[in-house]
Amino acid sequence: MTGSDASPSFRLAYVPGVTPTKWVRIWHERLPDVPLTLVAVSADEAPGMLRSGDADAGFVRSPIDRTDLSAIPLYTETTVVVVPKDHAVAAVDEVTAQDLADDIVLHPLDDTLEWEQLPGLPAIERPASTADAVELVAAGVGVLVVPQSLARLHHRKDLTYRPVSDAPVSRVALSWPEDATTDLVEQFIGIVRGRTVNSTRGRPAQEQPKGKRPGADEARRKTSGKKTSGGKTSGGKTAAGKSSAGKSSAGKSSGGRTAGKAAGNAAGKRPRSGSAGPKGRQGKPRRSS
């Protein structure tokens, strides 16, 4: 990658039928300080604009001469035939090139389709542009085969279109000069390819402060929290142990007092010598005088 992202603006070319609105919106969200300028250009003139440096990148149609241009294929368009609403083709869902054999098929000078053999009957003169050809279709002169996006671009209420299943297709690509792949070009490539805002491709990586690692403070806080929690738990167990020991000592003291009382009572109830014992026991007989 060469170049720098210090360019004050980004110039984006686009050919008819391409709608860059979505990508431009994301650009403004991510790079609000870098203006993006849209440049409308015909399909034939787009490669020359990129080579001359009048645009930093552009949406173009294939084929693309990649001698000095880089390109990323984006999508392939459906090819349709534009006809008046009262035309027989309007009654079906899809046609083939053979179905147009009896129609005059207009072939404008800016046609983007690569035909091996043109369908239908040739017109006396080729229209200068697709827009002119659409006007001739509305006038009933003939029909027009184009990529679907161009049929939508030149839509008229009195015209309609249907897919042509075996016609050539048009491919759209993002292209830029190979020797001018700047950081801004990389940024736009990332947007078109759907990279997230956190992707570092095309931008310098942010350096971390020396002596610090990402998440180090959080790790220390977690470790400290675990030690504090462990100390409380250990202390709780120790206190509980002391309390239990205290209860055991109290139990022993109480037991000693109880035993002493029992022994004292037993001693106090012991019969005196010479007194009548229990159950008819008698003392010594008295002498008679």
Side-chain angles (χ1 to χ4, degrees), residues 1-3 5 7-32 34-80 82 108-115 128-131 133-134 144-155 161 163 167-197 199 201-202:
M1 183 180 71
T2 61
D5 60 354
S7 177
S9 65
F10 188 77
R11 295 157 298 177
L12 178 65
Y14 68 101
V15 298
V18 175
T19 306
T21 307
K22 175 181 69 174
W23 299 303
V24 172
R25 175 179 54 80
I26 297 174
W27 174 277
H28 289 316
E29 291 174 355
R30 296 186 184 180
L31 301 165
V34 182
L36 187 151
T37 304
L38 289 173
V39 183
V41 63
S42 68
D44 291 338
E45 295 173 347
M49 177 172 283
L50 294 174
R51 291 188 176 96
S52 66
D54 292 332
D56 298 296
F59 293 107
V60 301
R61 293 188 182 273
S62 61
I64 302 167
D65 182 2
R66 299 203 181 193
T67 303
D68 53 357
L69 294 177
S70 298
I72 299 173
L74 298 179
Y75 57 88
T76 300
E77 288 200 61
T78 300
T79 302
V80 300
V82 181
L109 295 175
D110 62 354
D111 187 12
T112 60
L113 300 175
E114 293 186 297
W115 294 95
S129 66
T130 299
V134 171
L144 174 66
V145 181
V146 291
Q148 184 170 319
S149 66
L150 292 180
R152 290 175 175 173
L153 178 64
H154 300 288
H155 173 70
Y161 57 85
V169 295
S170 177
R171 294 178 176 85
V172 175
L174 175 65
S175 183
W176 65 95
E178 188 175 3
D179 61 353
T181 310
T182 64
D183 284 342
L184 290 180
V185 170
E186 286 284 8
Q187 291 280 10
F188 193 75
I189 292 172
I191 290 173
V192 171
R193 284 185 160 178
R195 294 179 194 150
T196 64
V197 69
S199 174
R201 184 168 183 177

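Everything numeric in this text was worked out from a predicted model, so none of it was measured.
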Exercise for the section: State whether the side chain of S175 and the backbone N or O of S70 hold a donor-acceptor pair below 3.5 Å, judged by distance alone. Expected result: yes
Problem - D110 side chain to T130 side chain, donor-acceptor N/O pair below 3.5 angstrom - result: yes
Handout entry: R51, CZ atom: more than 12 neighbouring heavy atoms under 6.0 Å
Key = yes
Problem - Side chains of I189 and I72 in contact at under 4.5 Å (non-hydrogen atoms) - result: yes
Practice task
Give a yes or no on whether the ring-centroid distance for W23 and F188 is below 6.0 angstrom.
Solution key: no
Handout entry: Trace of the side-chain contact (heavy atoms from CB on, under 4.5 Å) decision for D56 with W176
Key = CA-CA 6 Å; D56 298 296; W176 65 95; over 6 Å; no
Exercise for the section: Check for a donor-acceptor pair, side chain of W27 on one end and backbone N or O of Q187 on the other, with a separation under 3.5 Å. Expected result: no
Exercise for the section: Give the C-alpha distance, both sets of side-chain angles, the deciding distance and a yes or no for side-chain contact (heavy atoms from CB on, under 4.5 Å) between L113 and V146. Expected result: CA-CA 7 Å; L113 300 175; V146 291; 5.6 Å; no
Exercise for the section: Start with the C-alpha distance between V80 and V145, add both sets of side-chain angles, then the distance that settles side-chain contact (heavy atoms from CB on, under 4.5 Å), and finish with yes or no. Expected result: CA-CA 6 Å; V80 300; V145 181; over 6 Å; no
Problem - Side-chain donor or acceptor of T79 paired with backbone N/O of P168 under 3.5 Å - result: yes
Practice task
Compute whether any side-chain donor of one residue and acceptor of the other, for D65 and T67, lie under 3.5 angstrom apart.
Solution key: yes
Completion exercise
Correct closest heavy-atom pair for A180 and V185 would be O-CG2, 3.8 Å
Problem - Check: Q148 and Y161 side chains under 4.5 Å, non-hydrogen atoms - result: yes
Exercise for the section: Indicate yes or no for a side-chain donor-acceptor contact from E77 to the backbone of S149 under 3.5 Å, with no hydrogens or angles considered. Expected result: yes
Fill in the blank from the handout: Distance col, row F59:CZ vs L74:CG, nearest 0.5 angstrom, shows 6.0 Å
Exercise for the section: Would you please say whether a donor-acceptor pair under 3.5 Å links the side chains of S170 and R61? Expected result: yes
Exercise for the section: For the pair D54 and R11, find out whether any cationic side-chain nitrogen is under 4.0 Å from an anionic carboxylate oxygen. Expected result: no
Handout entry: Interatomic spacing from CZ in R25 to CD1 in I191 - rounded to 0.5 Å
Key = 10.5 Å
Exercise for the section: Would you give the length of the straight line joining atom CD1 of I64 to atom CZ of R171, rounded to the nearest 0.5 angstrom? Expected result: 11.0 Å
Exercise for the section: Run the numbers on D179 and D68 for side-chain contact (heavy atoms from CB on, under 4.5 Å), then give the verdict. Expected result: CA-CA 8 Å; D179 61 353; D68 53 357; over 6 Å; no
